[in-house]
Amino acid sequence: MSSNTYEDLQRSHPCFGGQKNNAGRIHLPVSPGCNIACRFCDRTINDVEERPGVTSKVLKPEDCEEILGKALEICPDIKVAGIAGPGDTLASDYALETFKIVKEKFPELIKCMSTNGLLLSERAQEVIDVGIDSLTVTVNAVDPEIESRLNAYIIYHGKKIEGVEGAKILIKNQLDGIRKVAAAGITIKVNTVLVPEINGKHIEEIAKTVKEAGAKIYNIIPLIPQHELKHCKAPVCAEIDAARTAASKYIDVFRHCQHCRADAVGVPGKSEFGDQIYQRRLNVKETFSHG
Ligand code: CLF
Ligand code: SF4
């Protein structure tokens with residue numbers, strides 16, 4: 001069970017208000033494949049291929065103890081061990097296995113996990129039991145029609161479910177999952193990728209819905225136009241501001257997101273030790289991590 005309240009995290013977690021205290025984080029990129037197909041993401045589903053001689057895409061849970069020891073030596077400001085990709089953290093068991101190691105070997109670190117939420121409802125108890133302190137769920141819409149314009153399909157218990165049908169399941173599982181985890185006292189942040197022409201007018205509805213489900217803080221991530229949404233415009237500052245203002249009627253808004261990579265290490269926006277820690281052993285794609 002988490003021992004950190006939202007108030008604790010506001011002091012010590014860089015993505016929950018603690019950025020003023022120079023708090024750092026390390027991302028452990030242990031989660032390879034994803035189980036949904038966001039239209040703005042070109043990460044292939046089940047991208048788990050590992051060939052000898054090719055840079056590893058992900059880290060193994062058993063490598064994390066050494067990596068964390070080294071990272072804390074180089075950057076003692078690190079207060080948070082986060083897992084935010086490169087795929088989804090609940091699509092495999094690696095993230096939860098890694099958090100067990102973190103809990104045992106580095107009990108002082110805040111355990112932070114980020115997920116697309118497809119499997120959050122059914123895996124909520126595991127998330128609670130491993131002692132996650134802060135959970136981020138990326139919710140891009142709470143209306144299945146809108147979600148289907150942002151997400152092409154889901155792979156759910158081995159079945160590909162496209163369009164609005166898939167979107168309905170995704171949204172239901174995200175909200176049920178948020179309710180269960182929030183009820184256990186874990187602090188939840190919701191991220192939304194803002195695509196003005198698709199969900200720009202929907203932000204208020206998302207913020208209201210996730211707050212009612214138990215989320216504490218909300219983060220708007222501007223679209224990086226690529227893949228199927230490469231024709232969409234990235235939001236301009238005024239659009240991001242308007243979205244934040246709309247959301248802030250219902251929920252605290254986080255305004256300092258640095259769109260970290262899945263293998264970022266250091267104080268967000270201030271220091272970056274990823275190259276030193278991971279020594280280019282990893283081949284994590286240059287897309288945001290959904291932190
Ligand atoms: Fe990492 Fe994300 Fe945890 Fe932070 S990042 S898993 S909540 S420790 Fe932070 Fe980076 Fe923005 Fe994420 S600045 S991308 S919000
Ligand atoms: Fe999966 Fe994240 Fe890519 Fe969406 S953005 S398809 S959740 S890896």
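Being a predicted model, the structure only gives us computed values, none of them experimental. Note that ligands are numbered from 1 as they come in the structure, with each ligand's atoms numbered from 1 the same way.
Shown in contact with Asn219 at under 4.0 Å from a heavy atom are these atoms of ligand 1, numbered in order with element: 15 (S). Which parts of ligand 1 touch Cys257 is read off a 4.0 Å heavy-atom cut-off, strictly below it: atoms 11 (Fe), 13 (S), 14 (S), 15 (S). Atom numbering of ligand 2 starts at 1 in the shown order; those under 4.0 Å from a heavy atom of Asn116 are 7 (S). Counting the atoms of ligand 1 from 1 in the order shown, those under 4.0 Å from a heavy atom of Lys189 are 7 (S), 15 (S). Listed by atom number, the atoms of ligand 1 under 4.0 Å from Cys112 heavy atoms are 3 (Fe), 6 (S), 7 (S), 8 (S). Near Val80, meaning under 4.0 Å from one of its heavy atoms, ligand 1 places the atoms 8 (S). Counting atoms of ligand 1 from 1 in the listed order, those under 4.0 Å from a heavy atom of Gln258 are 11 (Fe), 13 (S).
Inclusion of Cys38 in the first shell of atom 3 (Fe) of ligand 2 is not supported: no N, O or S atom falls under 2.8 Å. Atom 9 (Fe) of ligand 1 has no N, O or S atom of Cys260 inside 2.8 Å of it. Counting backbone and side-chain atoms alike, His27 contributes an N/O/S atom closer than 2.8 Å to atom 1 (Fe) of ligand 1.
Under the 3.5 Å distance criterion, the side-chain polar atoms of Arg25 are matched with a main-chain donor or acceptor of Gly266. In this structure a side-chain-to-backbone donor-acceptor pair under 3.5 Å is present from His202 to Val142.
Taking 4.0 Å as the cut-off between side-chain N and carboxylate O, Lys249 and Glu204 count as a salt-bridged pair. Remark: Glu97 does not engage Lys100 in a salt bridge, criterion side-chain N to carboxylate O under 4.0 Å. In summary, Arg149 and Glu145 do not engage in a salt bridge, as defined by a charged side-chain N under 4.0 Å from a carboxylate O.
Evaluated for a side-chain hydrogen bond (donor to acceptor under 3.5 Å, both in side chains) with Arg123, the options Thr89, Thr115, Asp93 yield exactly one hit, Asp93.
For Asn116 and Asn35, the side-chain atoms include at least one donor-acceptor pair closer than 3.5 Å.
At most 12 heavy atoms of other shown residues, nucleotides or ligands fall within 6.0 angstrom of atom OH in Tyr94.
Evaluated by nearest non-hydrogen atom to atom 1 (Fe) of ligand 2, the leading choice among Pro86, Gly33, Cys34 is Cys34.
Only the side chain of Ala84 comes within 4.0 Å of ligand 1, counting heavy atoms alone; its backbone N, CA, C and O stay farther away. When heavy-atom distances to ligand 2 are checked against a 4.0 Å cut-off, Ile36 comes that close through both its backbone and its side chain.
A search for side-chain contact (heavy atoms from CB on, under 4.5 Å) contacts involving Cys38 returns Ile36, Phe40, Cys41, Asn151, not counting sequence neighbours.
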